[in-house]
Amino acid sequence: MLKYFNRHKETNEAFDSVIDGLKKIYRAKLLPLEQAYKFHEFHSPVLDDSDFESKPMVLLVGQYSTGKTSFIRYLLESDFPGIRIGPEPTTDSFIAVMYNEHENVIPGNALVVDPKKNFKPLSKFGNAFLNRFQCSQLPNEVLKSISFIDTPGILSGEKQRLDRGYDYAAVLEWFAERCDRILLLFDAHKLDISDEFKRSIEVLRRNDEKIRIVLNKADMIDHQQLMRVYGALMWSLGKVLNTPEVARVYIGSFWDQPFNYDTLRRLFELESQDLFKDLQSLPKNAALRKLNDLIKRARLAKVHAYIISELREEMPSMFGKDSKKKELIKNLDKIYDKIHRVHNISPGDFPNIQRMREILEQFDFKQFKSLDKRLIEKVENMLSVDITQLMQMLPREETKAHLESPGGVKGGAFDDSDGPFGLGQTEGVNAGIGEEIWAVERERTPYDELFENLSPIGGKISGACAKAELIKSKLPNSVLAKVWRLSDYDKDGMLDKDEWALANYLIGLKLNGHELPNTLPDHLVPPSKRRMYPSLDTSTNED
């Protein structure tokens with residue numbers, strides 16, 4: 001009875017927020033399992049509060065001179081302390097670009113002991129890495145919402161044979177696990193993937209849902225060359241990523257210099273808008289990402305516990321321990337298969353077998369712990385009950401975040417969508433905003449001629465008559481119905497001369513690739529109808 005009461009009490013714990021809930025269930029239910037089976041020595045360090053509370057981070061990875069540092073500068077629209085840009089390998093350090101009211105640079109050794117930052121586990125990579133790690137802080141509006149991790153350019157040719165003094169791929173993997181987005185940058189002139197770059201991508205593939213590909217400096221080549229470069233990039237990525245899905249590639253030129261080839265400006269604007277939308281969604285989805293990462297971690301921790309306990313059970317009690325250990329490591333695939341069959345665990349949840357073999361060589365299997373079902377049950381309870389409770393809290397928190405910061409990330413290049421230079425601000429349905437002449441007026445001559453040919457009665461044409469002409473646009477009925485709703489402003493089931501011109505204008509917008517609004521903007525209301533709504537009639541406000 002007491003056991004049931006404790007379990008009932010445990011599964012009904014209230015959480016102040018999703019992040020608060022993640023911290024509590026990790027410490028109470030997942031961490032004991034990780035500690036019991038040495039999870040942190042095999043996979044990932046212990047999570048502390050700063051891992052859950054940190055802002056979304058964007059990791060930039062690429063070969064040298066692909067524009068990683070310039071990309072950050074482009075988004076911030078300002079330099080940051082320690083910035084170095086050039087055609088040679090200039091960024092030789094990992095640089096965390098973060099918000100602070102005052103500009104400063106925190107060196108790596110001081111950074112890993114700062115309790116407010118989540119970089120403490122990086123101390124395991126030693127001074128060779130910490131001397132190449134720093135945090136650049138500055139007061140920038142963009143950094144209030146997200147942080148950036150700039151990485152050293154990945155080397156190619158003879159340079160990649162030089163030893164960095166630390167495990168570059170392991171450091172990348174650590175950041176990849178904690179970042180919300182990973183941007184792989186390629187230079188349109190350098191598509192070769194070096195051995196070091198290939199190893200780095202293979203490490204990042206374990207977080208493939210976070211990866212976005214950016215083909216930078218695309219303005220340096222004309223449209224014909226760009227088609228060839230794009231095809232070559234997709235072919236190269238297909239060999240490295242080894243997935244059936246085609247990777248999403250954002251094409252652009254992310255710096256503040258004039259375009260060499262301006263013919264593809266529209267394409268670059270559309271691509272940058274898509275990429276900015278993706279980055280702007282990160283703060284809103286930060287809690288969901290951390291929730292998803294904790295679920296992945298819990299599933300891996302469960303499998304790890306089964307593997308470690310199985311190895312412990314297979315060890316002899318007295319003699320032949322060394323030979324048995326070698327045999328178990330060699331036949332680790334069979335142990336994987338057994339756990340898969342007995343516990344019904346998906347093969348995709350198992351850790352990399354070769355990596356496990358290498359780490360297992362360092363351990364005494366007799367020191368491993370036998371399976372503790374209570375710890376497994378705690379984690380299963382966490383996944384089935386607590387995670388479900390937190391998932392139900394997400395929509396409310398996302399709504400709150402949207403109200404506090406509509407649109408997500410603010411500042412820098414993210415604010416350039418406002419004003420006439422924002423994508424689509426003077427095009428499509430937005431054309432003519434703030435002008436005295438009605439936007440339809442410039443194009444209405446052929447529409448007026450057609451209107452007179454339709455023999456209007458009382459200055460209007462019927463819906464049937466209008467339909468016979470409008471369907472010649474070959475647009476679907478659903479689109480034409482929307483055009484009708486927007487054009488029949490007085491809702492009398494007929495179109496007068498102005499409404500007919502408006503209908504044809506909207507059809508022209510749609511045929512030219514622009515989206516139609518759900519409600520008619522004020523500047524597109526026919527002048528003859530504005531007297532129905534005096535606030536729209538600018539002529540009455542001139543006195």
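Side chains are part of it too, since the values below use all heavy atoms of this structure and drop only hydrogens, waters and symmetry mates.
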**Report entry** Y37-F42 aromatic ring centre distance below 6.0 Å
**Finding:** no

For the pair [X] (side chain) and [Y] (backbone), establish whether a donor and an acceptor sit closer than 3.5 Å, ignoring hydrogens and angles.
X	Y	answer
Q137	M98	no
R73	F80	no
T151	L60	yes
K210	C179	yes
R312	F368	yes
N104	H102	yes
K55	L143	yes
K144	K410	no
D180	M57	yes
N285	S281	yes

Tell me every residue that passes ring-ring contact (aromatic ring centres under 6.0 Å, His included) with [X], counting only those two or more places apart in sequence or in another chain.
X	answer
Y336	F350
H343	Y306
F119	F133

Do the charged groups of [X] and [Y] touch, with an N to O distance under 4.0 Å?
X	Y	result
E53	K290	no
K338	E313	no
D48	K120	no
R248	D274	yes
R374	D372	yes

Closest contact, heavy atoms only, [X] versus [Y]:
X	Y	answer
L204	I211	O-CD1, 3.6 Å
V249	E271	O-OE1, 3.2 Å
P283	L279	CD-O, 3.9 Å
A169	V203	O-CG1, 3.6 Å
S65	D187	O-OD2, 3.3 Å
P121	W174	CB-NE1, 3.5 Å

Within a strict 4.5 Å, meaning less than it, do heavy atoms of the [X] and [Y] side chains meet?
X	Y	result
L184	F197	yes
I339	I307	yes
D150	Q134	no
F175	N207	no
T66	F71	no
P347	H340	yes
E103	N140	no
I221	H189	yes

[X] [atom1] to [Y] [atom2] distance, which is reported to the nearest 0.5 Å:
X	Y	atom1	atom2	answer
I95	F148	CD1	CZ	13.5 Å
L294	I25	CG	CD1	5.5 Å
L185	T69	CG	OG1	10.0 Å
S384	E377	OG	CD	11.0 Å
E310	K334	CD	NZ	13.5 Å
L22	K24	CG	NZ	11.5 Å

Report task. Using the side chain to side chain contact (heavy atoms under 4.5 Å, CB included) rule, take K326 and E361 through it: C-alpha gap first, then chi angles, then the decisive distance, then the call. Result -> CA-CA 8 Å; K326 292 178 181 178; E361 291 280 2; 5.7 Å; no

Heavy atoms of other groups near [X] [atom1], more than 12 under 6.0 Å:
X	atom1	answer
E101	CD	no
K124	NZ	yes
N352	CG	yes

Report summary line: side chain to side chain contact (heavy atoms under 4.5 Å, CB included) filter on S272, not counting sequence neighbours, yields F254

Requested in this report: Mind checking side chain to side chain contact (heavy atoms under 4.5 Å, CB included) for D364 and listing every partner two or more places apart, or none if nothing turns up?
Outcome: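 With neighbours one apart ignored, the set is K366, Q367.
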
Query raised in the report: So Y166 and F129, would you call those rings parallel, tilted or perpendicular, with 30° and 60° as cut-offs?
Result: perpendicular

Query raised in the report: Taking only residues two or more places apart in sequence, or in another chain, which ones meet K325 in a side chain to side chain donor-acceptor pair (under 3.5 Å)?
Result: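 Per chain and number, K325 pairs via side chain to side chain donor-acceptor pair (under 3.5 Å) with no residue.
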
Requested in this report: Just do the salt bridge (charged side-chain N to carboxylate O under 4.0 Å, His left out) check on E327 and K330 with the steps written out, would you?
Outcome: CA-CA 5 Å; E327 179 188 338; K330 180 181 178 182; over 6 Å; no

Query raised in the report: Checking side chain to side chain contact (heavy atoms under 4.5 Å, CB included) against Y250, which of D278, L215, N216 comes through?
Result: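 So the option named by the test is D278.
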
Report task. Evaluate the criterion side chain to side chain contact (heavy atoms under 4.5 Å, CB included) for residue pair V97 and L138; output intermediate values, then yes/no. Result -> CA-CA 8 Å; V97 185; L138 68 156; 3.9 Å; yes

Query - Verdict with supporting geometry, R341 and D337, salt bridge (charged side-chain N to carboxylate O under 4.0 Å, His left out) - result: CA-CA 6 Å; R341 287 184 286 102; D337 185 59; 3.1 Å; yes

**Report entry** Test side chain to side chain contact (heavy atoms under 4.5 Å, CB included) applied to L291 and I387, step by step
**Finding:** CA-CA 8 Å; L291 183 65; I387 294 296; 3.6 Å; yes

**Report entry** CA sep, side-chain torsions, deciding dist, call: K38, I308, side chain to side chain contact (heavy atoms under 4.5 Å, CB included)
**Finding:** CA-CA 9 Å; K38 304 181 184 295; I308 296 301; over 6 Å; no

**Report entry** Sole candidate of H43, E34, E177 that passes side chain to side chain donor-acceptor pair (under 3.5 Å) when paired with R297
**Finding:** E34

